[in-house]
Amino acid sequence: MSEALARLEGVHKWFGDLHVLKGIDLEVRPQEVLVVIGPSGSGKSTLLRTMNLLEEPTEGRVWFRDIELTDVRTNLNEVRAHMGIVFQAYNLFPHKTALQNITLALEKVLGVNGEQAREGAMQELDHVGLAEKADAYPGQLSGGQQQRVAIARALAMRPNVMLFDEVTSALDPELIQEVLDVMKTLASEGMTMVVVTHEMGFAREVGSRVLFMDLGTILEEGEPRETFESPQHPRLRQFLNRVL
Amino acid sequence: MTTERGSQLDRPESPAEHRLARSAAVILGLGVASIGLALGGTVASTAARGIVPYRRLVEGLLSTPTAVILFVGLGLGAVAIAWGFASYRLMPTKRSRERAVAGAVLGIQAVVVGLIILAFRSFGNPELFIKLFFNAGVLEGHLGAFVRGAVNTIVLAFTGEVGGIIVGLFLAMLAMSKRAVVRAPARVYINFFRGTPLIWQLSVFYFGFAIGLGIRPAVDVGPIQLSAPYTIAVIVFILNTGAYAAEVFRAGIQSIERGQLEAARSLGMSYPQAMRYAVIPQAVRRVIPPLMNEFVILIKDTSLVLILGLAVGELELYTTAREGYSDTFNASFFTAAAIGYLAITLPSIWAVNRLERRLRSGLVGVGA
């Protein structure tokens, strides 16, 4: 077995007649920050969501460490508890406070007792700079704050890898930076991250590897600085010209 | 200016405008007075001599004071209509225009109501009508029966609704399964109970199962003693409401954004855990108003127990009224039943509307 944390092998995904992923092979190595870029509809979000099997591949296999997620006998709940994911739309539970959003899974999934769950949750809220918002409901927080709580919620589970699905795309421009700063800190702490994003500055600065996707395939892969400065594939050159 | 925001527009400026604004207040006063007299005044004057025996009501309606009140109301209404519609476009402020329009509209209502009462009083048969519909005398001695009837109506509807909610939640879970073999029986059940009339269901359970097959599920637990027909009514109301509640729950749960379930599942929660801790608590708020609407409908549908042979102590409002009617052939019993139903349903409707407003304004969204 390779030392990859997550691995995709020949992954295809169809939504009806739409062929969204066309045979993806990919390895996520420990402690790397893998940034996935590409135009809308290129399949990058779907790719990310197949990693914890929120999307089931139509074809191909998905591993987390040496556990095959696409094997029906695998207990997905157990695996997912070790993979954090943060969504574009935050998806905080609106009927629970920031603190309760975090303690819920700690108690119900990991079986941590109430007091310890509280401590763990407070620690993560502090980590994202929102300790004083512990008792606020999501509706009382800004988009940026909600997204940071969502990150804290995922981190509290002590995941081996964090998946970020366009986490700044729904945010007002002035709130984007606070979320990117949290992600930057995480990267510097050695967290393994897969980041689907339109933030090219972040990709270049924080990414350890960048993937360019278009029409369901990975067209180019490389070290971010190099890739941004001298893109090989014409589609990537065209894409970068448009977004930079 | 120290006036409140918005009131500047409502401030007449020249003396002529002041006069018009004052006249608008007079028009509104005329409108209020005309409907007050034509409706409230007539009713009060009709009942002024007492309501038992019913002849006092007839005398009251036909008396000179009632006629005077009626004609004054009609006259004031006519003035309000003419003056209001003639002048509302000239009004200098929004408030005075609205007052003039309101006065004229109230005037129309007063004239319509007044003319109907006048026609009824002059050309109809008020004696017979009041005797048959507003004859409080024949109701004497039946107050206890109506109170018992109202209690039975509430008991039947309440147990039906609560039991139906439990059945419905269970059915909704089955109906939302990703497995067709689990969904199918739930769909069959839901469609069957929604697709056949409640009165048919009561008939089959009572005539078919209880009388025909001899399945008589009477309840005799300590202080709670229910006859077989009463128990069957409760069971059928639960089964029927369960089918409707299942659809309400399904719609409520499916209206919660998919991301909520995904967020819970990706934290490692199982499907039942995700439902229980993340989705259902949010769905509950959305299903309360439609469930309460179902409850109001069920309150009225409990009257269908008339086809069952209920014992005297088990009659609800409608069957109580029917018993009274059969004894006397006087429809005042139905009038009393209507008052009973409204006394139960109006507060429920009011509560639903209030709750819906609160849910919309998001006040319930926080906490709980």
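The chains referred to below are lettered A, B, ... by the order of the sequence lines, with proteins before strands, and numbering in each begins at 1.
Residues of residues 103-124 of chain A lying within less than 4.5 angstrom of chain B, judged on heavy atoms, are A:L104, A:A105, A:K108, A:V109 in numerical order. For residues 70-80 of chain A, a heavy-atom distance under 4.5 Å to chain B picks out A:N77, A:R80, given by residue number.
A salt bridge links B:R286 to B:E257: at least one charged side-chain nitrogen sits closer than 4.0 Å to a carboxylate oxygen.
Top candidate by heavy-atom pairs under 4.5 Å with chain B, chosen from A:L92, A:N52, A:L163, A:I85, is A:L92.
Under a cut-off of 6.0 angstrom, the local environment of OH in B:Y189 is crowded, with over 12 non-hydrogen atoms contributed by other residues, nucleotides or ligands. Counted within 6.0 Å of CD on A:E56, heavy atoms from surrounding residues, nucleotides or ligands total 12 or fewer; the atom is thus considered open.
Classification of the B:F193-B:F205 ring pair by plane angle, with boundaries at 30° and 60°, yields tilted. Aromatic ring orientation, A:W14 versus A:H19: parallel (interplanar angle below 30°, classes split at 30° and 60°). Relative ring orientation between A:H95 and A:F93 is described as tilted, the plane-to-plane angle lying within the 30° to 60° band.
Side-chain contact of A:T97 with A:D135: a donor-acceptor pair under 3.5 Å is absent, judged by distance alone.
The contact between B:Q273 and chain A is made entirely by side chain atoms (from C-beta outward), counting heavy-atom distances below 4.5 Å. The part of A:M83 that comes within reach of chain B is its backbone (N, CA, C, O), which places non-hydrogen atoms under 4.5 angstrom from that chain. Using a 4.5 Å cut-off between heavy atoms, A:R153 contacts chain B through both its backbone and its side chain.
Under the 4.5 Å side-chain criterion, counting only non-hydrogen atoms from C-beta, A:Y90 is not in contact with A:L141. At a threshold of 4.5 Å between non-hydrogen side-chain atoms, the residues A:V206 and A:V35 do not count as touching. Proximity of B:I344 to B:L317: side-chain heavy atoms (C-beta onward) are separated by under 4.5 Å at one or more points.
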key: From CA spacing to verdict: salt bridge (Lys or Arg N to Asp or Glu O under 4.0 Å), B:E316, B:K300   = CA-CA 10 Å; B:E316 44 66 73; B:K300 295 172 290 174; over 6 Å; no
